[in-house]
Peer 1: 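Okay, handing you the structure first.
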There are 2 protein chains.
Amino acid sequence: MNLKQLSEILGLSQTTVSRALNGYPEVNEATRERVQAAATKHGYRPNSRAKGLATGRSMVIGHVIPSSSQHEMVNPIFGDFVAGAARTYGAHGYDMMFTNADDTSIERTYRDLFQRGAVDGVVLQGPKVNEHRIEVLTRMAVPFIVHGRSTGIEVPYDWVDVNNKSSFLRATRFLIDLGHKRIALINGLEDMDFAQRRREGYLQALQEADLTPEPALMRSAEMTEVYGHHEACDMLQLDTPPTAILVSSMISAIGVRRALNEAGLKMGRDVSVIAHDDDLSYLKNGQDVPIFTATRSSVRQAGEIAAEMLIDRIKSPDDPVKTRLLEAELVVGGSTGPAPDRF
Amino acid sequence: MNLKQLSEILGLSQTTVSRALNGYPEVNEATRERVQAAATKHGYRPNSRAKGLATGRSMVIGHVIPSSSQHEMVNPIFGDFVAGAARTYGAHGYDMMFTNADDTSIERTYRDLFQRGAVDGVVLQGPKVNEHRIEVLTRMAVPFIVHGRSTGIEVPYDWVDVNNKSSFLRATRFLIDLGHKRIALINGLEDMDFAQRRREGYLQALQEADLTPEPALMRSAEMTEVYGHHEACDMLQLDTPPTAILVSSMISAIGVRRALNEAGLKMGRDVSVIAHDDDLSYLKNGQDVPIFTATRSSVRQAGEIAAEMLIDRIKSPDDPVKTRLLEAELVVGGSTGPAPDRF
DNA sequence: CTCAGTTTTCAAAGCGCTTTGAATGACGGG
DNA sequence: CCCGTCATTCAAAGCGCTTTGAAAACTGAG
């Protein structure tokens, strides 16, 4: 069932039918109702491609999945962010498209998506420090939003981000206030912007308290469970092991907990742990009392906000740049306690 | 830059340029090269919508995310399955589209996608027992593939699935061979087909060994970490607690491990645990030696296979139905051991 | 040099929609 | 009863591509 057929059934021109369905004012109300009834009855759905071709808009938002050639890691927060965004897209009549690109072709992929007219805007996830893609998209003058920010990029751009620095600053201060002096940081890959900011917050708190940062207590890699376990085991072997550990993800924090258990240490008593909690749906931080003391910020909500902002940008390309800084909350759970006396 | 412009630059007709780029034989090789060079030079990318409109194919595969109104759960395996599929799609020139639909509108959403001509095929994820959507799609006579199967649906359809029954049968037997008699099952939601099959395997193994299944040892719900913890805690309170636990996901198994630790029990000695491991990229089951004894099957690989099969189906709609049963491997880790003597 | 056969190129139609510019019909004031 | 006005409706062009059917250019045999 296409527009032509429907208009023939109704004995109307395509113009009138199209206008009736799209809510244009120059259509008799009686006619509109008749058209709408027929459309519903025959299950008419305008062809998206034809519509897109005619309007010049695709009503699709693109996301590029960087299927890294090196590490086959799929970001665990991906699903929740996407779920948040998808809901908003749906409410505004947008579809969501994913394209896979290996590290070498990400830039070309973005360019492609727009030149092919496949998308009206894109979401840029997981920005690195000096993220080149931001400049590329800016130069292309296309609507996009960054989930995160990128240190070193001077051009203005829309973004939603968690206040990574401030949340790790506060978390570190919290540990210092509890008397901890040897505080470790198990961070994400340091070329990721969020990881860099978290480290800044951590370092600033140490400095405020006149504590000297120790390279041996600062680790960084892709945030898997195994990684958290490995680094924690390693640090517990040190002559003077840390009494507290900041971990950049819940998944890795679970690995840290495993390491502590294996070493016969009790989390929160022998070693304090603070994790960053993205509030993932399948990995809630405990039921009532949080398991981990954590800096918490819902990545799902970030997805919703990002989608909303991107759609705004598509609607008004010339609006001034918008940014949104989400403040993570510091929730206190059972994984932190006063520094143990070890003499 | 569109076809018209490009053909004017080249002094050729649109027909010839189009044919040259799409590899048709009736084009002079010299011309083809000239066209290709110009296309590359000017960064020409054919407009997907126009192309789709002209060919009647959209080169897009649809996935519907059921953003359940009740439980806001995003399946943790989603990301990995999608990453696997995306890679295959990309290799075949397909894009991937996501649409969000709440529980009440899933059916309508599938119908919409095809009627709007937005997709050439869809992937149906997470089928339940008597999955209605399969019948709907069959009746619509559109290309689709099911990740999983659905007990109770008689019509033939393409699917990829893990042998859930056999893997849980083998896992349960393995525990029985180790002397366990009180074996618990912490399963997914029982209206999900995979959960039902796993329970069947579990029950069959018990029956073979003349063990009576106990309702108190069989739990089912959405597979979060908290759920695993909660059910394990609960069962440890029983007069005669289980000596072994089968868990339908790694995430929940982590919750079970937490419960055991809190109770001062050692996993693999006091209580054995076997988990189903989807081999998620961010949640590897240990480094060299698996942490959990597990039934393992890569969901990422399933994604790749599903995508491949769906594309085949789109290419040859009349081929006989294809199915693919993946056998999970039983990897032995540190979480299982002989049943403890408790008298 | 001619002509059938082959290779190469082209103009134009068509995919299903929106949108422009024009036509039609109804209405009421003069 | 005529005509300007407003409310409706319409035919046709256009979005950027593919594909059909025909034309042009080239080939080699006679």
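Chain naming here is simple, since letters A, B, ... match the order of the sequence lines and numbering starts at 1 in each.
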Peer 1: Expressed as a whole number of angstroms, how long is the span from Leu21(A):CG to dT18(C):P?
Peer 2: 8 Å
Peer 1: Which of residues 4-16 of chain A have a heavy atom under 4.0 Å from DNA chain D?
Peer 2: Gly11(A), Leu12(A), Ser13(A), Thr15(A), Thr16(A)
Peer 1: Let me know the distance between CE of Met59(B) and C1' of dT18(D), rounded to the nearest Å.
Peer 2: 14 Å
Peer 1: Select from Thr31(B) and Thr55(B) the residue whose nearest nucleotide in DNA chain C is closer to the 5' end of that strand.
Peer 2: Thr31(B)
Peer 1: Before accepting this row, confirm whether a basic side-chain N of the pair Lys128(A)/Glu131(A) lies closer than 4.0 Å to the acidic partner's carboxylate O.
Peer 2: no
Peer 1: Find the distance Arg116(A):CZ to dC15(D):C1' and express it as a whole number of Å.
Peer 2: 17 Å
Peer 1: Which whole-number value in Å describes the distance from Arg34(B) CZ to dT8(C) P?
Peer 2: 14 Å
Peer 1: Check Arg45(A) with Asp112(B), please: is the shortest side-chain N to carboxylate O separation under 4.0 Å?
Peer 2: yes
Peer 1: Tell me whether the rings of Phe78(A) and Phe98(A) are parallel (<30°), tilted (30 to 60°) or perpendicular (>60°).
Peer 2: perpendicular
Peer 1: May I ask you to decide if the ring planes of His63(A) and Tyr89(A) are parallel, tilted or perpendicular, using 30° and 60° as cut-offs?
Peer 2: perpendicular
Peer 1: For the side chain of Val27(A), counting heavy atoms from C-beta on, which of dT9(D), dG14(D), dC15(C) is nearest?
Peer 2: dT9(D)
Peer 1: Provide, to the nearest angstrom, the distance between the CZ atom belonging to Arg57(A) and the P atom belonging to dT19(C).
Peer 2: 7 Å
Peer 1: To the nearest 0.5 Å, tell me how far Asn28(A) CG sits from Arg34(A) CZ.
Peer 2: 9.5 Å
Peer 1: Check Asp161(B) with Arg149(B), please: is the shortest side-chain N to carboxylate O separation under 4.0 Å?
Peer 2: yes
Peer 1: Tell me the interatomic distance from Arg19(A), atom CZ, to dT8(D), atom P, rounded to whole angstroms.
Peer 2: 13 Å
Peer 1: Taking CZ from Arg49(A) and P from dG16(C), how many angstroms apart are they, rounded to a whole number?
Peer 2: 9 Å
Peer 1: Using a cut-off of strictly less than 4.0 Å, decide whether Tyr24(A) has a side-chain nitrogen or oxygen near OP1 or OP2 of dT8(D).
Peer 2: no
Peer 1: What nucleotide among dT8(C), dG14(C), dT18(C) has an atom nearest to a side-chain atom of Ala54(B)?
Peer 2: dG14(C)
Peer 1: Can you check the Asn28(B) CG to dT8(C) P distance for me, whole Å?
Peer 2: 5 Å
Peer 1: Between Arg116(A) and Asp95(B), is there a salt bridge with N-O shorter than 4.0 Å?
Peer 2: yes
Peer 1: Out of dT9(C), dG16(D), dT18(D), which has the shortest distance to the side chain of Asn2(B)?
Peer 2: dG16(D)
Peer 1: Starting the side chain at C-beta, find the nucleotide from dT18(D), dG16(C), dT8(C) nearest to Glu26(B).
Peer 2: dT8(C)
Peer 1: So, is Lys51(A) near the phosphate of dG16(C), with a side-chain N or O under 4.0 Å from OP1 or OP2?
Peer 2: no
